[in-house]
Amino acid sequence: MMATDGINGLLVIVLMGVVTLLTRFGGVLVMSVVPINRRVESFINAMSGSVLIAILVPVAVEGDVAARMALLATAGVMLALRRPMPAIAAGIAVAAGWRYLM
């Protein structure tokens, strides 16, 4: 019984990977035929901010202390350096450190 659980789990992971790839390739294919004008560019810019807010707000509201501390660290480093990679790294480090120590 245990072996089939592992196989089913692996199958789900592979299926999720395939769906992700198809979604990404499909997005590239669709955008290759859409002319990028000012309106489309404004829509894309607005959507990226909306997706970011949709991900961050539930973490801020329902997340544990480590998640909230990571959000604060990420925001602080982003405001200070204006570079996303160090901000992301700081958030990950704070969350991992907080969970390790607490």
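Just so you know, these numbers come straight off a predicted model, no measurement behind them. Computation of the quantities below employed the complete heavy-atom set of this structure, encompassing side-chain atoms and omitting hydrogens, waters and symmetry-equivalent molecules. Along the sequence shown, residues are numbered consecutively beginning with 1.
Once rounded to the nearest 0.5 Å, the distance linking OG1 of T74 with CG of L56 reads 8.5 Å. Annotation: the span from F43 atom CZ to I36 atom CD1 amounts to 11.0 Å, rounded to 0.5 Å. Annotation: the span from N8 atom CG to L15 atom CG amounts to 12.0 Å, rounded to 0.5 Å. Atoms CZ and CE, on R99 and M69 in that order, are 12.0 Å from each other to the nearest 0.5 Å. In this structure, OG on S42 lies 9.5 Å from CZ on R39, to the nearest 0.5 angstrom. The distance from the CD1 atom of I55 to the OG atom of S50 is 11.0 Å, given to the nearest 0.5 Å.
M16 belongs to a hydrophobic cluster whose remaining members, ordered by chain and number, are V12; membership requires side-chain heavy atoms of ILVMFWY residues under 4.5 Å apart, directly or through intermediates.
With a 4.5 Å cut-off on side-chain heavy atoms, I88 and M78 do not count as touching. The side-chain heavy atoms of R83 and V77, taken from C-beta on, include no pair separated by under 4.5 Å.
Nearest heavy-atom pair, G91 versus A70, reported as atom, atom and distance to 0.1 Å: O-CB, 3.3 Å.
Cluster annotation: L71 is not connected to I92 through the hydrophobic network of ILVMFWY side chains, with a link wherever side-chain heavy atoms come within less than 4.5 Å. Under the 4.5 Å side-chain heavy-atom criterion for grouping Ile, Leu, Val, Met, Phe, Trp and Tyr, V94 is not connected to L101 through any hydrophobic cluster. Both V40 and V30 are members of a single hydrophobic cluster when ILVMFWY side chains are connected at heavy-atom separations under 4.5 Å. L79 and M85 fall into different hydrophobic clusters, where Ile, Leu, Val, Met, Phe, Trp and Tyr are joined by side-chain heavy atoms under 4.5 Å apart, directly or via other members. In the hydrophobic clustering of ILVMFWY residues, with side-chain heavy atoms under 4.5 Å counting as a link, V59 and L52 come out together.
The backbone N or O of V61 lies less than 3.5 Å from a partner atom in the side chain of R68, making a donor-acceptor pair.
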